[in-house]
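Worksheet: one structure, shown below.
So you know, we letter chains A, B, ... as the sequences are listed, proteins then strands, and number each from 1.
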Amino acid sequence: MAIRAFLGLMILLLFSSTISTALFEDQVGLADWHQKYIGKVKHAVFHTQKTGRKRVVVSTEENVVASLDLRTGDIFWRHVLGKIDRIDQVEIVLGKYVVTLSSGGGILRAWNLPDGQMIWESILQVSASSKSLLYVSANMNVGKDNLILVFGGSLIHALSSTDGQIVWRKELSTNSLEIQQVFQPHDSDTIYALGFIGSSEFVAYYVNYKTGEVLEQSKASFESGFCGEASLVSDDVVVALDASRTYLVSISFRNGVINFHQMYIPELIPEFSGKATLLPSMHNGILAVDIASTIVMLRVKGVNELKIIEKINHPSAISDALPLSKEQQAFAILQHDESRIHYKVKFDTDLTSEIVWSREDGLASIVDSTTSELPVEKEGVSVAEVEHSLFEWLKGHFLKLKGTLMLANPDEVAAIQAIRLKSFEKNKMTRDHNGFRKLIIVLTRAGKVLALHTGDGRVVWSVLLPVLRKSETCGNPFALNVYQWQVPHHHAMHENPSVVVVGRCGHNFDAPGILSIIDSYTGKVHNSLVLEHSVRHIMPLPFTDSTEQHLHIVIDDNLHAHLYPKTSDSVKIFIDEMPNIYWYSVEVGKNIIKGYSLELKGELDMAENDFQPKELWSIVFPSASEKIALTATRKMNEIVHTQAKIIADQDVMYKYISKNILFVATVAPKAAGEIGSVTPEEAWLYAYLIDTVSGRILHRVSHQGAQGPIHAVMSENWVVYHYFNLRAHRYEMSVIEIYDQSREDNKDVWKLVLGKHNLTAPISTYSKPEVTVKSQSYFFTHSVKSMAVTATAKGITSKQLLIGTIGDQVLALDKRFLDPRRSVNPTQSEKEEGIIPLTDSLPIVPQSFVTHALQVEGLRGIVTTPAKLESTSLVFSYGVDLFFTRIAPSRTYDSLTEDFSYALLLLTIVALVAALLVTWALSEKKELREKWR
Amino acid sequence: MEKGKGLARRWAVEFAENSYSSSPVDVPDPMGFSRSSSDPDDANASRQKKEAEAAWKAQKAWEVAQAPVKNLLMMGFMMWMAGSTVHLFSIGITFSALWQPISALQGVGKVFEPYKDPRVDTLAPKLLFIALNLAGLVLGIWKLNTLGLLPTHASDWVSSLPPASEVEYAGGGLPVH
């Protein structure tokens with residue numbers, strides 16, 4: 001009995017050890033990498049030149065405020081503010097604080113410049129509609145209590161720069177005042193605030209800097225009106241645009257007297273047509289005007305004299321002026337040239353410039369990603385390389401052996417760690433047996449495509465797609481998605497795989513689409529085209545043509561389908577399969593889901609290959625009580641190993657595995673807002689499972705008192721969704737598992753042995769399979785930013801949910817915790833099956849954070865890819881930062897661990913063989929002696 | 001080492017004429033020598049001796065035939081100790097329980113070879129031996145089944161079947177934006 005108890009204990013230990021998959025401190029960085037980014041910079045402030053460590057403080061479109069080393073571009077510190085807390089302006093105060101104005105002028109924060117700690121925070125009362133301006137006096141003296149001014153609409157707040165207290169507050173006008181420019185003439189206590197009241201009145205205020213007292217104000221109205229933009233060109237002249245954006249209006253306001261002077265732009269610039277936009281001021285008498293694809297630089301001399309200095313064609317960006325010395329100023333211009341960028345720095349006087357450092361910060365705004373296999377290793381590696389690596393290998397393993405036997409000194413321990421981190425193996429540009437080395441191909445918002453190596457995250461190639469650049473045919477292009485285009489299996493040695501980037505020429509659904517096919521190994525653009533039709537849906541089909549190109553269907557705004565690639569071969573394949581191809585469209589605004597099939601009217605035109613939609617079904621949600629909040633489907637390329645779920649006592653349940661299930665969550669229209677905006681009685685959530693071929697609702701469940709935001713993930717035969725429970729004041733996670741009732745009677749062993757069953761026969765949803773559903777809900781402490789599920793090569797390994805938490809970390813949660821069959825007292829056989837006793841909340845084990853001690857700032861997405869090794873799944877999570885690792889949900893049962901000592905194994909084998917030989921020789925001798933006796 | 005012994009045996013010379021371990025040499029008797037006409041007392045003694053030997057052989061054969069009973073009991077005890085969960089101990093015991101009867105059945109002839117005698121009937125002990133070993137085998141199989149290692153349930157046949165392929169394919173979703 002004691003043995004039984006002992007064995008039981010052993011088994012228990014074995015099982016419990018599989019739950020946690022934490023890693024040791026010295027394993028960090030072996031399989032994972034983390035990259036920090038800040039995003040596209042929109043505002044930069046340079047540290048004064050006197051200080052030793054030069055810095056630049058930037059705010060970016062990803063809502064990051066960061067301090068960078070001016071010499072190397074490294075990040076000293078950074079903070080990612082929330083999505084609703086957009087940074088408007090950044091300034092350096094007193095040479096030691098960074099002041100940020102965010103939330104439309106509502107929040108002012110001061111950060112310590114050397115280390116980025118927050119010093120103070122002030123919340124200001126501003127009207128939401130007006131634009132805010134932060135003003136910091138340039139001639140501040142250290143020691144005195146200096147003021148920071150915030151202009152928002154007609155209100156001025158003056159805050160103390162040391163503690164953020166509001167010193168004075170002044171309302172300038174009750175009318176709709178918009179302050180455009182604020183400046184302080186040298187050596188004076190007067191602030192000039194210039195702005196517009198309404199659309200036609202220009203106003204200049206002279207405000208006492210210390211007290212907020214309005215010393216003087218002058219108003220003048222301009223009959224044709226202003227468009228609301230103004231640029232300060234000198235201490236007493238402002239240039240504005242009139243309401244029609246065809247006149248430049250220079251306004252002089254010297255000594256409280258306001259004079260207007262209009263200039264018709266076509267007179268200045270003959271090729272002008274359309275509408276002009278003013279660019280941020282250069283301040284030294286230079287005005288920059290953007291007139292449709294050309295930037296014109298004008299020098300302003302006096303009120304009525306403007307001279308063209310330079311015209312720049314097709315620039316994509318122009319920088320603010322940067323003062324180099326007292327008189328000199330420089331600014332930079334960016335221009336696109338095919339796939340390259342021209343960077344020009346212009347000075348008042350001629351100087352040369354070179355690039356000191358550059359950062360790949362487009363990676364902070366990834367919109368989509370896919371993976372590609374690396375090239376197959378080819379024969380013919382040079383001998384020297386092999387010898388070198390063999391020697392290194394032996395040395396490395398000798399060191400490892402010393403480490404294992406605890407003979408290594410601290411230096412050698414450090415060397416072992418360095419060898420492990422800088423493994424030559426993991427960074428190779430060829431395929432490996434385990435499938436850990438791959439290329440992650442990412443598409444960024446700017447239309448740049450980059451390939452990252454999974455070994456160390458380096459950029460293998462990058463390409464700025466020329467087709468995703470602004471041009472005459474394509475006004476406002478942006479990138480949408482990236483898909484696999486061609487994955488050669490038969491010719492893997494000779495052909496490279498390729499991906500297709502889909503984009504659109506504008507934010508409207510009727511804008512023409514863009515396709516661009518890129519080689520996955522080199523980044524070479526094979527083919528780029530602006531389509532004649534728009535892109536509403538893209539469906540990668542599970543078919544390939546004879547050259548192994550994947551077939552894609554693009555649905556345009558008129559719901560017509562177009563097949564790509566447009567070859568006769570692919571059309572033939574498609575026509576054969578067309579009766580079984582369906583598509584559906586979720587229209588959130590109209591609260592409708594519609595299902596269609598495709599049909600061909602008349603003769604097929606090969607050049608057009610246009611297929612008409614035929615509406616089959618539609619599900620209309622009552623807009624009074626429901627609003628579509630979220631949809632989720634299974635991943636297209638997910639592989640399921642088995643259709644049976646073996647439950648306790650060797651019973652079988654048949655999973656309902658269909659790729660055509662859509663999970664839809666609807667909420668009460670009232671409860672679509674923030675958490676807490678409605679009472680639990682007014683909030684509800686409906687979860688639907690819909691068959692997308694026939695439009696049949698397989699299951700519907702309601703959660704009373706539940707509210708969004710909803711996140712869902714679907715895999716195999718289950719869906720897990722996360723929402724807020726207003727009654728319990730907690731987040732909740734629910735699981736629904738679907739089982740096929742109509743296969744339930746396949747339980748005769750003999751029939752199965754003899755193969756007399758229909759379990760592997762192709763199934764059609766029109767056969768209306770009966771389904772049963774099991775579901776359960778659990779509390780979950782965290783709110784969720786993103787959810788994903790692990791994917792493995794054969795689908796045998798158990799699954800883990802990957803949850804992007806609010807702290808920008810990725811948590812791995814075993815699917816076993818979200819098993820609807822969990823009960824308070826599981827029976828013995830259920831325990832043996834691995835069912836965990838029911839608890840009301842899901843556990844958060846600190847060791848199961850995939851990101852260990854790191855944070856993926858601004859986490860937006862988690863992507864999983866199977867490795868070739870069945871136990872392992874590759875996880876790539878992105879936001880402002882990038883993080884990659886590989887995880888084994890059931891531990892690496894099919895391979896030895898990374899730190900396995902091969903040298904020790906070899907040594908043991910050698911020792912054993914030696915012992916065997918010696919004992920054999922001894923026994924031979926002894927026997928001979930026996931025989932002679 | 002086995003080889004060496006074999007060689008040594010090949011060289012051994014058998015001096016005892018009627019050693020039961022070796023068959024009588026089939027050489028004709030010399031002229032005037034009659035085996036039967038030897039001393040009747042002597043012949044009687046030798047017959048008695050042979051009978052006693054046969055009886056002893058039969059008894060031994062029965063003993064050997066009953067030997068698996070002990071084994072069976074021990075196995076049963078071990079199996080009970082091992083419990084019904086699958087782990088190294090229980091699997092080892094089950095497989096030894098399966099292997100012992102099988103190897104014993106394979107070597108039935110060898111086991112009863114020493115007791116082979118024209119006067120001794122070894123068929124009945126042999127049958128008993130086989131039956132007992134078969135019982136041991138059945139016990140092993142039963143144990144295998146209680147461990148759930150026999151494919152006797154539908155689940156054992158279904159889990160290897162791939163999921164059925166689907167006829168229809170549907171794509172789409174929210175409009176891309």
Side-chain angles (χ1 to χ4, degrees), chain A residues 3-4 7-8 10-11 480-481 502 504 507 509 535-542 553 555 577 580-588 595 631 633 640-644 646 650-652 654-655 657-660 662 692-693 746-749 752-753 759-766 832 927 931, chain B residues 1-12 74-94 141-177:
Chain A
I3 293 174
R4 273 184 86 161
L7 286 169
M10 285 287 286
I11 294 156
L480 291 169
N481 290 101
V502 184
R504 193 191 288 140
H507 288 271
F509 282 121
V535 177
R536 188 185 161 92
H537 299 281
I538 313 135
M539 287 161 55
L541 298 179
I553 286 283
I555 311 277
E577 299 288 344
N580 287 326
I581 294 174
Y582 300 82
W583 67 278
Y584 63 96
S585 174
V586 182
E587 290 165 33
V588 176
T631 64
T633 53
V640 181
H641 175 65
T642 177
Q643 54 180 314
I646 320 291
Q650 267 86 44
D651 214 351
V652 186
Y654 291 93
K655 300 174 188 171
I657 299 167
S658 169
K659 289 216 157 127
N660 305 329
L662 175 73
T692 52
V693 171
N746 277 307
K747 276 184 180 163
D748 190 340
V749 181
L752 290 166
V753 173
L759 292 173
T760 48
I763 45 165
S764 164
T765 38
Y766 285 109
E832 272 171 33
E927 198 153 318
K931 275 177 189 161
Chain B
M1 282 109 283
E2 195 63 35
K3 213 176 174 182
K5 271 181 192 166
L7 279 172
R9 190 168 290 167
R10 194 170 290 171
W11 281 100
M74 199 180 75
M75 267 300 147
F77 178 70
M78 294 271 271
M79 279 173 183
W80 174 78
M81 285 283 287
S84 62
T85 46
V86 180
H87 48 84
L88 210 64
F89 190 57
S90 62
I91 288 179
I93 283 170
T94 313
I141 289 170
W142 171 80
K143 181 69 189 169
L144 207 62
N145 193 32
T146 53
L147 286 180
L149 297 177
L150 279 189
T152 49
H153 292 91
S155 57
D156 304 312
W157 298 90
V158 175
S159 50
S160 60
L161 293 175
S165 60
E166 276 181 282
V167 176
E168 292 94 355
Y169 172 83
L174 291 165
V176 285
H177 57 86

Would you mind checking which part of [X] comes under 4.5 Å of any heavy atom in chain B, side chain (CB onward), backbone (N, CA, C, O), both or neither?
{"X": "A/Val588", "result": "side chain"}
{"X": "A/Arg504", "result": "side chain"}
{"X": "A/Ile553", "result": "neither"}
{"X": "A/Leu759", "result": "both"}
{"X": "A/Leu480", "result": "side chain"}
{"X": "A/Thr631", "result": "side chain"}
{"X": "A/Val753", "result": "both"}

May I ask you to name which of A/Gly595, A/Pro542, A/Ala644, A/Pro540 has the most heavy-atom pairs under 4.5 Å with chain B?
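Top option by heavy-atom pairs under 4.5 Å: A/Pro542.
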Side chain / backbone / both / neither for B/Ser90 at chain A, heavy atoms under 4.5 Å
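Neither the backbone nor the side chain of B/Ser90 comes within 4.5 Å of chain A.
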Could you tell me which non-hydrogen atom of [X] sits nearest to which non-hydrogen atom of [Y], and how far apart they are?
{"X": "B/Glu168", "Y": "A/Thr765", "value": "OE1-N, 3.2 Å"}
{"X": "A/Ala761", "Y": "B/Ala164", "value": "O-CB, 3.2 Å"}
{"X": "B/Val158", "Y": "A/Thr642", "value": "O-OG1, 4.1 Å"}

Side-chain heavy atoms of B/Val176 within contact of A/Ile538, under 4.5 Å
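Yes, at least one pair of side-chain atoms sits under 4.5 Å.
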Taking the side chain as C-beta and beyond, is there a heavy-atom pair between B/Val167 and A/Tyr766 under 4.5 Å?
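No, every pair of side-chain atoms sits at 4.5 Å or beyond.
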For A/Trp583, enumerate each residue passing the ring-ring contact (aromatic ring centres under 6.0 Å, His included) test, keeping only those at least two apart in sequence or located in another chain.
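By the ring-ring contact (aromatic ring centres under 6.0 Å, His included) rule, A/Trp583 matches A/His537, A/Tyr596.
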Determine whether B/Tyr169 and A/Met539 satisfy the following criterion, side-chain contact (heavy atoms from CB on, under 4.5 Å), listing intermediate values before the conclusion.
CA-CA 10 Å; B/Tyr169 172 83; A/Met539 287 161 55; 4.0 Å; yes
Mind checking what makes side chain to side chain donor-acceptor pair (under 3.5 Å) contact with A/Asn481, not counting sequence neighbours?
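So A/Asn481 forms a side chain to side chain donor-acceptor pair (under 3.5 Å) with A/Asp368.
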